[in-house]
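So you know, we letter chains A, B, ... as the sequences are listed, proteins then strands, and number each from 1.
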Number of protein chains: 2
Amino acid sequence: MSVGIRHDDLRRRNRAMVISAVRRAGQPSRTEIAATTGLSHSTISAISSDLIREGILAESKASEPVSLKRGRPQVGLALNPEAAAVLTVVLSLNFLSAAIIDYTGQVVAEEQRRLDTLTMPRDELIRECMAIVRRRLQDPDLDVRSVARIALAIQGITDSPARAMLWSPITPQTDIAFADMLEDEFGIPATVENDCNMMAVALRWRNPDRYRDDFIAILLSHGIGMGLVLKGELFTGTHSSGGEFGHMIHRPGGALCRCGRRGCIEAYAGNYAIWRNARQMSEESEPIADVSDADMRALAARAREKDGPEREAYRKAGEALGFGLGSLFALIDPAPVAMVGASAAAFDLIEPALRKAIAQTAGGQHSDSISFDTEPNELPLIREGCAMRALSFVDQEIFAPGAQMRPSVRKNVA
Amino acid sequence: MSVGIRHDDLRRRNRAMVISAVRRAGQPSRTEIAATTGLSHSTISAISSDLIREGILAESKASEPVSLKRGRPQVGLALNPEAAAVLTVVLSLNFLSAAIIDYTGQVVAEEQRRLDTLTMPRDELIRECMAIVRRRLQDPDLDVRSVARIALAIQGITDSPARAMLWSPITPQTDIAFADMLEDEFGIPATVENDCNMMAVALRWRNPDRYRDDFIAILLSHGIGMGLVLKGELFTGTHSSGGEFGHMIHRPGGALCRCGRRGCIEAYAGNYAIWRNARQMSEESEPIADVSDADMRALAARAREKDGPEREAYRKAGEALGFGLGSLFALIDPAPVAMVGASAAAFDLIEPALRKAIAQTAGGQHSDSISFDTEPNELPLIREGCAMRALSFVDQEIFAPGAQMRPSVRKNVA
DNA sequence: AGTATTTTTTCGAGGCTCGAAAAAATTAGA
DNA sequence: TCTAATTTTTTCGAGCCTCGAAAAAATACT
């Protein structure tokens, strides 16, 4: 059951709140922080002077835009870029990338690699991931001790404590405990995150006005994924990363899905399904392993050009997504949607059927007011999400810890 | 954004935690409370002596079962039944009931009435609800000032702040702001709750071992409703009570639903749908307004007796529920399910097809391990849920308030 | 230069939780 | 019956934390 609040938790939480206010606002003054947090000026003053002394925050000496106002000018507080760093790893189909991010969220160093994830044996896949991390950590420009967190994002299902990949479409391997491996090898706390969840996290940072408390990020790519934020919290399943929108049932007993089952939304709206329908192949036929982005672009071009099986394939995809969203909206009420991934560039072909379908559902009431954004490039989004997630962890668990500080990570302590 | 923790919040929250520990455990000693909350003995001692002085808790003088142990015997703390009372109102099809519940959750007084909700004009429906509340409050045995909260549960959709009924199958009327009306009339804070949500709340109180952090309560009755608890929290939509499981799409363009749309789960699994299929009427035919419980029992009996359209109707219901649950489990991962309502008595007819369907879904992996409980009688469950919800409000907002006490409600204050 | 204004820091007061020790209430054993 | 042991509960002082008020700091206006 939930536990009482101890006296020391109080400072911890308020510290975390100040850090998060600075991260969100950029360069807020102490007065602004007091206003947004509801704490008194004295408290903010005390906490921020602690944080500055510990090297977590710094007063921004930046050339202030003239304050115009009379009175003592506000002095902005900013995150100290050197307070810590995090490492992000993104593992997707045939592609591996890693980046070092400073405490303010800026990319410091980056590395990308192509590899054949589908055929790679388990050991080699793991070795490649560990190797790219090791190379980034050995960068001579980097103080390894400052790296406080590793976040690895992967397409597929992860467990809910974010310790392991359970299943992924990019490899036949299952149940890889990446987090434990990384922690054992490098002694840095690590998590394994679902790629779509990280997209959602990133969208909120990019556009907090649109993506605030409740929204949906859908990845349109070879498969269909979803990241869901409800009531300001990233939604995960009770045991897994959850939110397997692509495997909700669109038509019982319908088209064959990559997961081996029938009638999943993905079996109509994944790239392989659009391809299969555009080629007028049977819905029973085995999903192909990969369709290149170029092929999908060509398909979309033909669909735009003239009515035919290609256009019909996109229509079916839209219908599946629309009924699926309608069912989802019946559960959670309508919310803004972001369509992410290469196929989001073909959303013009998908949208009409999607809206028509959603209008036939209970969740699609006032379907005109439901708005869709598109973002064709998912990779930067995933990396940004990972970075923000890892940094939030540092903010909360390392710089505002419950028990005691991890002194190795802290710098500039008086 | 989230707000800082003030110093006085601390006591408030810990008070609330002590109260809730007592409500949960029944008669815990101070030592037990200290253990479950993680707070120190001194803190628990201080808080509980406050609560006793204020008449919220009382030391249970009850004949202790011999403690068997050496040492000073534990003295149990219990809720003071007279500390407050709440009023529950349940409005369902052709039926209205109200009850006064004491602070320990015991029913003190009760009243039930039949009324024709489907044809009743708006004013009369509202008048009936207000009247039953007024009669209960005028009971000479009751100290009106002790009534600290009214909770009204209604079949249908409520808004997420629990202030109004938005839509309900039991009446053609929409958008009735019951909470405001009750508060204006009686000066007692009120909420309007969804019936299935209250079922879920009650299930957790009845059987916290099975229904703890994640579970699903499904109402099988004329329509199909759901109450959902995720991560220990009652799940509601972003704008409405949400969780409209019955209106997820089972078959796009399929059977005509009571909501006017097509292919909803309810259009296969609601009583009217089972009836329609059993009578081999067209799936297009208009849903009938009501089927009596006796007729449904007769239908189930015939279905058990021999194969035929009745059995097939239950099979279709099971299929719809199974695919729907599969889609839901794809989103939230599998969780225990309670089937509530008169038709839960026919769950033996539904279960085989349900399990077969769910096994065909991604969410239905290991479908054998998904367990179903049945509870045919929903009304007591709804009332219990209302009572617990209202009492939790009193615990948290009145007896552990942030700003200041509401002196009118408090008794026995030194 | 002096005054008004706004931000930030300082300082004492009041609360809260905690640990240690004391007090209370019972059982086990002599 | 009396004493020692044991367990629960209360008491008390220490240490933090936040807050409000006042002071200090830093600028614009006149």
Side-chain angles (χ1 to χ4, degrees), chain A residues 3-18 21-22 27-53 57-61 63-77 400-404, chain B residues 3-18 21-22 27-53 57-61 63-77 400-404:
Chain A
V3 96
I5 303 183
R6 320 274 284 288
H7 206 195
D8 24 332
D9 291 339
L10 217 155
R11 209 11 162 350
R12 187 189 96 72
R13 297 200 198 191
N14 287 339
R15 272 174 72 104
M17 183 143 319
V18 169
V22 174
Q27 290 201 348
S29 69
R30 293 167 176 81
T31 308
E32 282 175 61
I33 297 173
T36 57
T37 58
L39 298 170
S40 73
H41 288 191
S42 6
T43 303
I44 300 300
S45 181
I47 292 177
S48 54
S49 94
D50 281 358
L51 293 173
I52 289 170
R53 189 165 28 75
L57 298 185
E59 297 197 338
S60 70
K61 306 261 179 279
S63 57
E64 283 287 296
V66 252
S67 54
L68 291 164
K69 284 185 303 184
R70 217 199 295 223
R72 178 173 175 173
Q74 304 190 351
V75 31
L77 295 177
Q404 75 284 340
Chain B
V3 96
I5 304 183
R6 319 275 284 289
H7 206 194
D8 27 331
D9 290 339
L10 217 155
R11 208 12 163 349
R12 187 189 95 72
R13 296 201 198 194
N14 287 339
R15 270 174 73 103
M17 182 144 319
V18 169
V22 175
Q27 289 201 351
S29 70
R30 293 167 175 83
T31 307
E32 282 175 60
I33 298 174
T36 57
T37 60
L39 297 170
S40 72
H41 288 190
S42 2
T43 302
I44 300 301
S45 180
I47 292 177
S48 53
S49 94
D50 281 358
L51 293 173
I52 290 170
R53 188 165 29 74
L57 298 186
E59 297 196 340
S60 70
K61 305 260 179 281
S63 59
E64 283 287 295
V66 251
S67 54
L68 290 165
K69 284 184 303 182
R70 219 200 292 222
R72 179 173 174 172
Q74 303 189 352
V75 30
L77 295 177
Q404 74 284 337

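Whole-Å rounding puts the A:Q27 CD to C:dT7 P distance at 16 Å. Taking atom CZ of B:R6 as the reference point, atom C1' of C:dT17 lies 19 Å away to the nearest angstrom. Rounded to a whole Å, the CD1 atom of A:I44 is 16 Å from the C1' atom of C:dT10. With rounding to whole Å, A:R70 atom CZ is found 18 Å from D:dA26 atom P. Note: CZ (A:R30) to C1' (C:dT6) measures 14 Å, nearest angstrom. Protein atom CD of A:E59 is 15 Å distant from nucleotide atom P of D:dA25, rounded to whole Å. Atom CG in A:L39 sits about 11 Å away from atom C1' in D:dC17, given to the nearest Å. To the nearest angstrom, C1' of D:dC17 lies 15 Å from CZ of A:R12.
The side chain of B:T43 approaches C:dT17 more closely than any other nucleotide in the set C:dT17, D:dT10, D:dA26. Here the side chain of A:H41 is nearest to one of C:dC18, C:dA23, C:dT9, namely C:dT9. For A:R72, the listed nucleotide lying nearest its side chain is C:dT8; candidates were D:dT18, C:dC18, C:dT8.
The closest side-chain heavy-atom distance from B:R30 to B:E59 is below 4.5 Å.
For A:R11 and D:dT18, the shortest distance from a side-chain N or O to OP1 or OP2 is below 4.0 Å. Checking the phosphate oxygens (OP1, OP2) of C:dT9, no side-chain nitrogen or oxygen of A:S49 falls inside 4.0 Å. Contact annotation: B:N14 reaches the phosphate of C:dT17 (side-chain N/O to OP1 or OP2, under 4.0 Å).
In this structure, the side chain of B:R12 engages the main chain of B:A400 through a donor-acceptor pair within 3.5 Å. Between the A:S45 side chain and the A:H41 main chain, no donor and acceptor come within less than 3.5 Å of each other.
Between A:V22 and A:L77, the closest heavy-atom pair is CG1-O, 3.7 Å.
Within 4.0 Å (heavy atoms only), B:S42 reaches at least one base atom of the nucleic acid. B:S45 comes within 4.0 angstrom of a base, heavy atoms only.
You'll find a donor-acceptor pair under 3.5 Å spanning the side chain of A:H7 and the base of D:dG15, going by distance alone.
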B:I33/B:M17 under side-chain contact (heavy atoms from CB on, under 4.5 Å): CA gap, chis, key distance, verdict: CA-CA 9 Å; B:I33 298 174; B:M17 182 144 319; over 6 Å; no
